[in-house]
Amino acid sequence: MKEPKRISVFAKTDILIIALVLMLAAASFFLTFKNTSAPAYASVIINGEKRAEYPLDKTGRYKISGENGINIVLNIEDNGVSVETANCPDKICEKTGRITAAGQSIICMPGRISVTLESHEKVADAVAG
């Protein structure tokens, strides 16, 4: 008697594709969470020039004057930064909300102001040469 032909749910290529997707998902998870250091300060850059650094462990409000008569008020509290008020027309910097992780930024294009959270720890780039 002939044995019935076995039907496979997955082909070999399906298994390889699933394994590849799982490996890429795991790699992206670890790369996303590799920089777990808390930010130490807010760096303010106006028109490409660093103008100020504010420590995040001290609560305060700071008025920043940018280009074209644009002014913003930074609110620093609980190791985070937000733009409390801005006199720019679009108010995107206000709508950005509070940032708390190193590398995040708030940008006011009309005033050419950027506020970036930075850490004192150096993180090596993952560029192969």
Side-chain angles (χ1 to χ4, degrees):
M1 183 188 233
K2 211 174 187 184
E3 198 171 302
K5 190 173 184 180
R6 198 169 178 206
I7 299 174
S8 176
V9 177
F10 295 109
K12 289 180 183 179
T13 54
D14 294 337
I15 293 171
L16 288 174
I17 291 172
I18 291 170
L20 180 64
V21 167
L22 289 174
M23 288 188 325
L24 287 173
S28 67
F29 175 79
F30 288 115
L31 289 175
T32 300
F33 294 104
K34 75 176 182 174
N35 186 8
T36 58
S37 64
Y41 60 94
S43 176
V44 177
I45 298 173
I46 300 172
N47 202 18
E49 183 181 319
K50 187 180 258 189
R51 298 282 179 93
E53 290 181 351
Y54 299 106
L56 295 179
D57 58 353
K58 294 182 182 175
T59 300
R61 286 186 172 77
Y62 305 94
K63 183 179 178 183
I64 310 295
S65 297
E67 301 290 314
N68 305 319
I70 302 296
N71 298 309
I72 65 173
V73 175
L74 290 181
N75 183 23
I76 298 177
E77 62 184 359
D78 299 327
N79 289 323
V81 177
S82 62
V83 172
E84 190 173 283
T85 60
N87 68 345
C88 55
D90 55 13
K91 308 236 186 265
I92 291 175
C93 51
E94 284 183 27
K95 295 173 189 172
T96 300
R98 188 168 174 263
I99 57 174
T100 58
Q104 288 183 318
S105 296
I106 297 174
I107 299 172
C108 177
M109 290 301 290
R112 298 183 181 193
I113 303 168
S114 70
V115 179
T116 304
L117 298 187
E118 297 183 13
S119 174
H120 291 298
E121 293 181 18
K122 298 289 184 191
V123 178
D125 288 335
V127 177

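Throughout, numbering of the chain's residues begins at 1 and tracks the sequence. Just so it is clear, the model here is predicted, and its values are computed rather than measured.
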Side chain to side chain contact (heavy atoms under 4.5 Å, CB included) partners of [X], counting only residues at least two apart:
X     : answer
Leu24 : Leu20
Leu16 : none
Ile92 : Asp90, Thr96

Inter- and intrachain pairs under ring pair (Phe, Tyr, Trp, His ring centres under 6.0 Å), touching [range], at least two apart:
range           : value
residues 89-108 : none
residues 75-119 : none
residues 78-115 : none
residues 69-95  : none

Show every donor-acceptor pair shorter than 3.5 Å between a side-chain atom in residues 65-83 and any protein atom, with sequence neighbours excluded, or say none if there are none.
| residue | atom | partner | partner atom | Å |
| --- | --- | --- | --- | --- |
| Ser65 | OG | Asn71 | OD1 | 2.9 |
| Asn68 | ND2 | Pro110 | O | 2.9 |

side-chain contact (heavy atoms from CB on, under 4.5 Å) partner of Cys93, the single match among Ser105, Ser114, Cys108: Cys108

Test side chain to side chain donor-acceptor pair (under 3.5 Å) applied to Thr100 - qualifying residues, sequence neighbours left out: none

Got a sec, which residues hit side chain to side chain donor-acceptor pair (under 3.5 Å) with Glu84, two or more places apart in sequence or on another chain? Arg61

Result block: side-chain N/O donor-acceptor pairs under 3.5 angstrom for residues 38-55, not counting sequence neighbours:
| residue | atom | partner | partner atom | Å |
| --- | --- | --- | --- | --- |
| Tyr41 | OH | Glu118 | OE1 | 2.8 |
| Asn47 | OD1 | Arg112 | NH1 | 3.4 |
| Lys50 | NZ | Glu53 | OE2 | 2.9 |

